[in-house]
Each structure stands twice: as structure tokens, then as C-alpha cells.
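Numbers restart at 1 for each chain; the letters A, B, ... are given by sequence-line order, proteins then strands.
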Protein chains: 2
Amino acid sequence: MADDEPNTALLMFVGYRYAEDRIFRSMVEAGFDELTLPQARLFARVQEGGTRLTDLADAAQVTKQTAGYLVEQLERAGYVERVADPADARARLVRASARGEEARAAARVVERQIEDEWTAYLGVRRMRALREALTLLREVTDPFA
Amino acid sequence: MADDEPNTALLMFVGYRYAEDRIFRSMVEAGFDELTLPQARLFARVQEGGTRLTDLADAAQVTKQTAGYLVEQLERAGYVERVADPADARARLVRASARGEEARAAARVVERQIEDEWTAYLGVRRMRALREALTLLREVTDPFA
DNA sequence: ACAAAGTAGTCAGACACTCTGACCATATTG
DNA sequence: CAATATGGTCAGAGTGTCTGACTACTTTGT
């Protein structure tokens, strides 16, 4: 994939990896350690009101077994808890615990910081164009948009 | 990370994952199976004239031990070969074999296809703006630009 | 109403990837 | 030429990932 004219997807990867690394590192520094990258990725998909394991698995594009394993680790580390789904006796909802919400808030701070830095570097106009193009592209690239 | 206003890095991830998945799947279909995603990612970093293990590891952001393991798998599957580095007796250059070059060519076809589809979807102007912004951003996000 | 099919989740087992730490061989530097 | 740095390997442990088989509950079609 690496060429003299790097393809667009690879350019996206570079930006994504930078942000992910930085957010992850800041989390560890802030005391949210015992958290691995795969766990954090899954955790990021947990919605406000709670999310089913299967939905989590779909969103993160892993099998439900893998999602189950990661949720177990997250639960053990105190980031999520599982509650019965009132709408379906088979299902359990995974939702963020108090500690989980703290972690999410910490992550969001760094996300905004990166966003601001990028805007400063590119200028408001280019940043808006970037987000517009990426958002449009999402319609044809995200199966769970 | 998932919010009502998804952050830019996450949008990048969506596009990247789509492209990677599609390229990888097409490779498998084309008979380049026995190739895993981590192996393919490393392989994509192998340069024309050969690349040292350490450089490969840096580029892919894994340890040299991990890179060594992946290269061994790639070698066993016939995608790369290792030759002595004339400039340094400690080092060995990893370079694509004939089969490896075939695989690379196949990947490039799909890459171009995706690029073309995105251009068609966004229009030439938006696609150019996207690439421009991503390329600029790379300067502040890629330690190995 | 109820049998058939589908969906949510778990358990077990195997394999791949990744890391840390310790080490050897060759290069580079003071 | 001794000290330090760099390229790479070996060993061992932990984590993540998958496939396959299973249980329990829900939905659907008659």
C-alpha cells in the first residue's frame, strides 16, 4: 500500500492511529490503566442507555465471543456493568459504570483537543471540507452508519 | 468515542477499515490466502529494494520481535525473502518475492478501484480537498512521514 | 396455540499476535 | 581499541481472535 502517491485510505489510517494512540496514552497517564486498546475500542461503542453484546460485536466488527471476552475484562476492571434487558430475557445490556463515565469524559477532552489542533493547523475552511468529505464517504463505507 | 457528532479521527477510521477489509478480502479471493491481516499490514511496508526488519517494525509500529515473527510467516508463505544487507553484516533485507509482487499488484488494482469510486461519489473537487487536508495533516501525525 | 426458525449469549478449544527481557554479533564513536 | 549503540534472535507469557457446539428465550407462520 505504501507508494509514492499514498492512497487516501492509508492517509486516513495515519490520522486515525495518531488520535487513537494519543487518546489511549492520555488515558493510561490519567490512571485509567489496566485498559488495553481492544478493550478501549469496544468500550467506546457502549451507548448511553446500555448496549447489547451482539450490537457491540457488530459495531466493533468482531465476533460476539470476542466481544464477550472483552466485556468480561472491562467488567472486571470496573468500566462497565451488565444489567438485564427489560425488553428481552435472553439479553443483557452492557453499560458504563461511574468509573467508565469518568474514563469516557477524560477521552472526550483529548478528542476535542486533537480536533482543535487539527483545525488550527488546517484552518477552519479545510477542516470543514475534510469533515464534510469524510461524513459523506461514511454513507458508502460504514455498514452501521 | 461514538457521539452524535463523531470526531474526525473516527470518521477516518471508518473509511480506512472499509478499504482495508475490501482489499484484504479481494486478496483472499484472488488466491492470496494463508495471509492474515497483520501479515498483510507489515507486507505493505516492504519497500522496492528491500527493507530492514527494524525499519519495518518502526513503520508498522510494532516491536522488532513482532515484526520478526510476521516476516517469518510471510517468508514461509512465500511472499517475502530475506537477503544479506551489503551495507551491514548484522542486517538482512526483507524484500518481496515474485509471488509477493503479484500480491502487491493485485492489491493495487483494488486500491485504485476504491479511489475511483470515492472520487465518483464525492466529485473531483471534494476528493481533492479531502486528499489535500489528509496530506497536510500527515505532517503532524505521522512520525515516519 | 404451538411448532419451527431465529436470535442473544456462553463454553471450550485452538491459534495468532504481541509484548518484555535477555542475549549475540556487528558497527560506530570517543 | 574500549565503550556504546544498533540489528536481530530466542524464550516465555499474556491477550485477543476465531470456529464450533450448545442453552435459553423470542418471533413467525400456520
Enquirer: Out of A:R92, A:R82, A:R95, which one pairs with A:E75 under the salt bridge (Lys or Arg N to Asp or Glu O under 4.0 Å) rule?
Expert: A:R82
Enquirer: Between D:dC18, D:dC25, C:dA27, spot the one nearest the side chain of A:V62, thanks.
Expert: D:dC18
Enquirer: Determine the contact category for B:D85: base if any of its heavy atoms lies under 4.0 Å from a base atom, sugar-phosphate if only primed atoms, P, OP1 or OP2 are that close, otherwise nothing.
Expert: nothing
Enquirer: Just checking A:T54: base, sugar-phosphate only, or nothing, at a heavy-atom cut-off of under 4.0 Å?
Expert: sugar-phosphate
Enquirer: Please state how far atom CG in A:L53 lies from atom P in C:dG9, giving the value in whole angstrom units.
Expert: 5 Å
Enquirer: Has B:T36 got a side-chain N or O lying under 4.0 Å from the OP1 or OP2 atom of C:dC17?
Expert: yes
Enquirer: Specify the separation, in whole Å, of atom CZ of B:R92 and atom C1' of C:dA27.
Expert: 18 Å
Enquirer: Taking 4.0 Å as the cut-off, does a side-chain nitrogen or oxygen of A:T66 come that near to OP1 or OP2 on D:dC18?
Expert: yes
Enquirer: Between C1' on D:dT9 and NZ on B:K64, what's the gap in Å once rounded to a whole number?
Expert: 9 Å
Enquirer: To the nearest Å, how far apart are B:Q61 CD and C:dC17 C1'?
Expert: 16 Å
Enquirer: Please report, rounded to the nearest Å, how far the P atom of D:dC25 is from the CZ atom of A:R52.
Expert: 15 Å
Enquirer: Any chance you could measure B:D33, atom CG, to B:M27, atom CE, to the nearest 0.5 Å?
Expert: 10.0 Å
Enquirer: Assuming nearest nucleotide by heavy-atom distance, tell me which of A:E72 and A:A91 is located more 5' along DNA chain C.
Expert: A:A91
Enquirer: Output, in order, the C-alpha distance, side-chain angles, deciding distance and verdict of side-chain hydrogen bond (donor to acceptor under 3.5 Å, both in side chains) for B:E111 and A:N7.
Expert: CA-CA 7 Å; B:E111 280 172 31; A:N7 70 64; 3.2 Å; yes
Enquirer: Assign each of A:P38 and B:L93 to its nearest nucleotide of DNA chain D by heavy atoms, then name whichever residue's nucleotide is nearer the 5' end.
Expert: B:L93
Enquirer: Rounded to the nearest Å, what distance is computed from the OH atom of residue A:Y69 to the P atom of nucleotide D:dG14?
Expert: 11 Å
Enquirer: When all nucleic acid strands are considered with a 4.0 Å heavy-atom cut-off, which category describes B:Q39: base, sugar-phosphate, or nothing?
Expert: sugar-phosphate
Enquirer: Roughly how many Å is it from CD in B:Q65 to P in D:dG7, rounded to a whole number?
Expert: 13 Å
Enquirer: Which whole-number value in Å describes the distance from A:R90 CZ to D:dC25 P?
Expert: 10 Å
Enquirer: Out of A:Y18, A:F13, A:Y16, which one pairs with B:M12 under the side-chain contact (heavy atoms from CB on, under 4.5 Å) rule?
Expert: A:Y16
Enquirer: Do B:T135 and B:E132 have side-chain N/O donor and acceptor atoms under 3.5 Å apart?
Expert: no
Enquirer: Indicate whether OP1 or OP2 belonging to C:dC19 is found under 4.0 Å from a side-chain N or O atom of B:T63.
Expert: yes
Enquirer: At under 4.0 Å, does any side-chain N or O of B:R41 touch on OP1 or OP2 of C:dC17?
Expert: no
